[in-house]
Amino acid sequence: MKVIAVEEAFSVPELIPWPGEAPMPPGWGQEWGRRLADFTELRLADMDEHGVDMQVLSLTSPGVEAIEDPSAAVAAARRVNDHLADVVAAHPTRFAGFAALPLQDPQAAVVELRRAVEQLGLKGVLHNDHVQGHYLDEPQFRPVWAELERLGVTLYLHPALVPADQWRVFQGHPVLSGPSWGWTAQVGAHALRLIYGGVFDEFPGASVTLGHMGELLPFQLARLDSRYHQADPKGRPRRLPSHYLRHNLYATTSGVFSHAALLGAVHAIGADRLLFAVDYPYESTAEAVEFLRTAPFSRADLKRIAHGNAERLLNL
């Protein structure tokens, strides 16, 4: 069975170094650093060993979002996207790519999005949550959504390594603020802002992809819909939240290798909206592929999750 993994990280260390304030698990930094900067020696060997046919590459967090100066962010995004396009061109059957956008300058981001897709052949965008504390439902980002819709490419909404603010509930327990819970809560809330901010009502052809089993939003559909009617009619979307989760959002399996969770997500939003991902190098490719191949689904549904949905959404 063909396997395409769609949340697979790379780095360009000379452009965007690891931020000093971001936590790094002891002993992991050197190994992750080697694997993030590599494309052929370690990465392809890992893919071949475990049966991954293609990775869709994206710049690892903190990404260009961490750059405060808009002009510097524009320059960095162009260099990252050029670098990624060169890697894809050298291995077109093994790699595809998501562009990085300098959303600190929304108009420049539109120009770079158009260049990345139409000239460089990249397949969408990966964005690391907030832009210096700003979220993508805000009015200044509407031109970006219009261009995403026009081009027919998805925006992969990914956690930010450095959060927009510090939640008191995590104090004293830093493990909770990262991938175990904080990132899911923050990115899931950002996706709900897009829904309640009217992004998909204004741009019904736009799509967002969420990792980590949809940042658990598929499991909240009933709760989200039950509270919709309590919102101010002037400030709520035209349809129930579940409508947008089933029509504008996609979810990937990255980092959540649970058959129970996958079954629940498929029941909630449909097998056509689930894509396979590993989250390389932060998760185990061996574990991810074994989870996929042993999932309790029909062969047809497994093929959709393993590669068919990615091929359709990303025009691979």
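Numbering starts at 1 and runs along the sequence shown. All values derive from a computational prediction rather than experimental measurement.
- Looking at W167 and Q186, their side chains come closer than 4.5 Å, going by heavy atoms from C-beta outward.
- The two residues A288 and V278 have their closest heavy-atom pair at CB-CG2, 3.9 Å.
- Side-chain contact check for L275 versus T253: every heavy-atom pair is 4.5 Å or farther apart.
- Between the CG atom of L44 and the CZ atom of F39 there is a distance of 10.5 Å, given to the nearest 0.5 Å.
- Taking the charged nitrogens against the carboxylate oxygens, D48 and R43 have no contact shorter than 4.0 Å, which rules out a salt bridge.
- T40 places a side-chain heavy atom less than 4.5 Å from the side chain of H91.
- Of all non-hydrogen atoms in S284 and F257, the two that sit nearest each other are O-CE1, 4.2 Å.
- Residue-environment remark: NE2 (H259) exceeds the threshold of 12 foreign heavy atoms within 6.0 Å.
- Using a 4.0 Å cut-off between charged side-chain N and carboxylate O, D53 and K2 make no salt bridge.
- The side-chain heavy atoms of L216 and W181, taken from C-beta on, include a pair separated by under 4.5 Å.
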Point to revise | Evaluation steps, side-chain hydrogen bond (donor to acceptor under 3.5 Å, both in side chains), between H130 and E65 | key: CA-CA 7 Å; H130 62 93; E65 295 84 0; over 6 Å; no
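- Side-chain contact check for N248 and S207: no donor-acceptor pair (N or O, by modelled atom type) lies under 3.5 Å.
- Residues G255 and D279 come closest through the heavy atom pair N-CB, 4.5 Å.
- Aromatic ring centres of Y156 and H127 lie farther apart than the 6.0 Å criterion allows.
- For the side-chain contact (heavy atoms from CB on, under 4.5 Å) criterion with L136, the lone passing option out of L103, V199, V208 is L103.
- Within 6.0 Å of atom CD in E118, more than 12 heavy atoms from other residues, nucleotides or ligands are found, so the atom counts as buried in its surroundings.
- Between D137 and Y196, the side chains place no donor N or O within less than 3.5 Å of an acceptor N or O (distance only, hydrogens not considered).
- Here the side chain of N81 pairs no donor or acceptor atom with the backbone of A116 at under 3.5 angstrom.
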Review point. Does the pair Y244 and D201 meet the rule for a side-chain hydrogen bond (donor to acceptor under 3.5 Å, both in side chains), with working shown?
Key: CA-CA 9 Å; Y244 304 95; D201 287 334; 2.6 Å; yes
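- Residue R79 places its CZ atom among 12 or fewer non-hydrogen atoms of other residues, nucleotides or ligands, all under 6.0 Å distant.
- Grouping the Ile, Leu, Val, Met, Phe, Trp and Tyr side chains by contacts below 4.5 angstrom, directly or via other members, places V56 apart from V289.
- Between V3 and H307 the shortest side-chain heavy-atom distance does not fall below 4.5 Å.
- By the 6.0 Å contact criterion, CD on Q230 is enclosed, its count of non-hydrogen atoms from other residues, nucleotides or ligands being greater than 12.
- Exactly one of R114, E112, R142 qualifies for a side-chain contact (heavy atoms from CB on, under 4.5 Å) with E147. That residue is R114.
- Within the 3.5 Å criterion, the main-chain N or O of V52 finds no donor-acceptor partner in the side chain of H50.
- To the nearest 0.5 Å, atom CZ of residue F141 and atom CG of residue L155 are 11.0 Å apart.
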Exercise for review: Decide side-chain hydrogen bond (donor to acceptor under 3.5 Å, both in side chains) for T60 and S11; before the verdict, give the C-alpha distance in whole Å, the side-chain angles of both, and the deciding distance to 0.1 Å.
Suggested key: CA-CA 6 Å; T60 192; S11 69; over 6 Å; no
